[in-house]
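Because only heavy atoms are used, hydrogens play no part in the values below, and waters and symmetry mates are left out as well, while side chains stay in.
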Amino acid sequence: MSAILAFQAVAFTAPSDVTALQDFYEALNSPPQLKGWRLDGGDPCGESWVGVSCSGSSVIHLKLQGLNLSGYLSAQLHNMFNLKTLDVSSNNIVGEIPYVLPPNATHINLACNSLTSIPHSLPAMKSLRHLNLSHNLLSGPVGNVFTGLQNLRELDLSYNNFTGDPNSFKSLANLTGLFLQNNKFSRSVAYLVELPLTNLNIENNDHQINFSNVFQEEHKSKIKKKDISCSYVHCVYWGWPSIG
């Protein structure tokens, strides 16, 4: 008990964030490349753990891209209420994406791993602006999992095995970038014309979608087609804007 009280007296990081990061570290098989991280105690903000950025006593950015990490994503991440950025792209992380992710995150990049499920709690993430799930092992119909994400600006589901008609996209009223290439989506995408898209890729799906036939001339003029591969720049940095 005295040891716990001593830790609380000197530690700078919020205890809930410390616990969540410790659990995450264990889920990743305690990799040595995460310098400073530990399973017992520690102060992520005060000790400058690799990939951890803080504001005050709260962890706000967790950027662990391209570190050859293995293991899986910890379910304790949902307890990081002040986390804005979660980037674990270009690693070797496997298994399911936790059912609940950091609830107030604005930027999530899980690209280029071996993840196998999409969390159905996404509609509750009202602050989410950028989501990259590309180059994973995700499959099946998307259904209504993206319904209600009014602040989402960019969504990348490319290079997975999604099927069906992604009709929940039509509720993404502020979406400007959408990347669906190399999946098995159906060709029923006419509703995409109603979105404020400036970047779009729907190539290489189950039925080859003709860009010219889906969009009228006035809409095509504002949309740039892009084919983005799993390059280091795309999967790790992904062109995110500055985060306020």
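In this structure, CZ on Phe12 lies 8.0 Å from CG on Asp43, to the nearest 0.5 angstrom. One finds the CG atom of Asn113 at 8.5 Å from the CG atom of Leu69 (value rounded to the nearest 0.5 Å). The CG atom of Leu21 sits 8.0 Å away from atom OG1 of Thr13, with the distance rounded to the nearest 0.5 Å. Put simply, CG on Leu73 and CG on Leu110 are 6.0 Å apart, with the number rounded to the nearest 0.5 Å. From Ser134, atom OG reaches atom CD of Gln181 across 8.0 Å, with rounding to the nearest 0.5 Å. If you take CG on Leu28 and CH2 on Trp37, they are separated by 7.0 Å, rounding to the nearest 0.5 Å.
In this structure, the side chain of Asn91 engages the main chain of Leu64 through a donor-acceptor pair within 3.5 Å. Here the side chain of Asp87 pairs a donor or acceptor atom with the backbone of Ser89 at under 3.5 angstrom.
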Take Ser158 and Asn201 through the side chain to side chain contact (heavy atoms under 4.5 Å, CB included) test and state the conclusion after the steps. CA-CA 9 Å; Ser158 63; Asn201 194 324; over 6 Å; no

Apply side chain to side chain donor-acceptor pair (under 3.5 Å) to the pair Ser53 and His61, showing each step before the final yes or no. CA-CA 5 Å; Ser53 299; His61 302 315; 5.9 Å; no

If you apply the rule side chain to side chain donor-acceptor pair (under 3.5 Å), what do you find for Asn104 with Asn82, and how did you get there? CA-CA 6 Å; Asn104 298 307; Asn82 294 302; 5.7 Å; no

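Ser70 pairs by the side-chain hydrogen bond (donor to acceptor under 3.5 Å, both in side chains) definition with Asn29, not counting sequence neighbours.
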Can you give each donor-acceptor pair under 3.5 Å made by side-chain atoms of residues 117-125, sequence neighbours left out, with the distance rounded to 0.1 Å?
residue : atom : partner : partner atom : Å
Ser117  : OG   : Ile97   : N            : 3.3
Ser121  : OG   : Tyr99   : O            : 2.1

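When every heavy atom of Asn205 is checked against every heavy atom of Lys184, the shortest pair comes out as OD1-N, 3.4 Å.
Taking the six-membered ring where tryptophan is involved, the planes of Tyr159 and His135 are essentially parallel, since the angle between them stays under 30° and well short of 60°. Below 30°, between 30° and 60°, or above 60°: for Phe162 and Phe185 the angle between ring planes is below 30°, a parallel geometry. Using cut-offs of 30° and 60° on the angle between ring planes, the pair His130 and His107 is parallel.
Legend: salt bridge (charged side-chain N to carboxylate O under 4.0 Å, His left out) pairs involving residues 21-42, not counting sequence neighbours, sorted by first then second residue: Arg38-Asp40.
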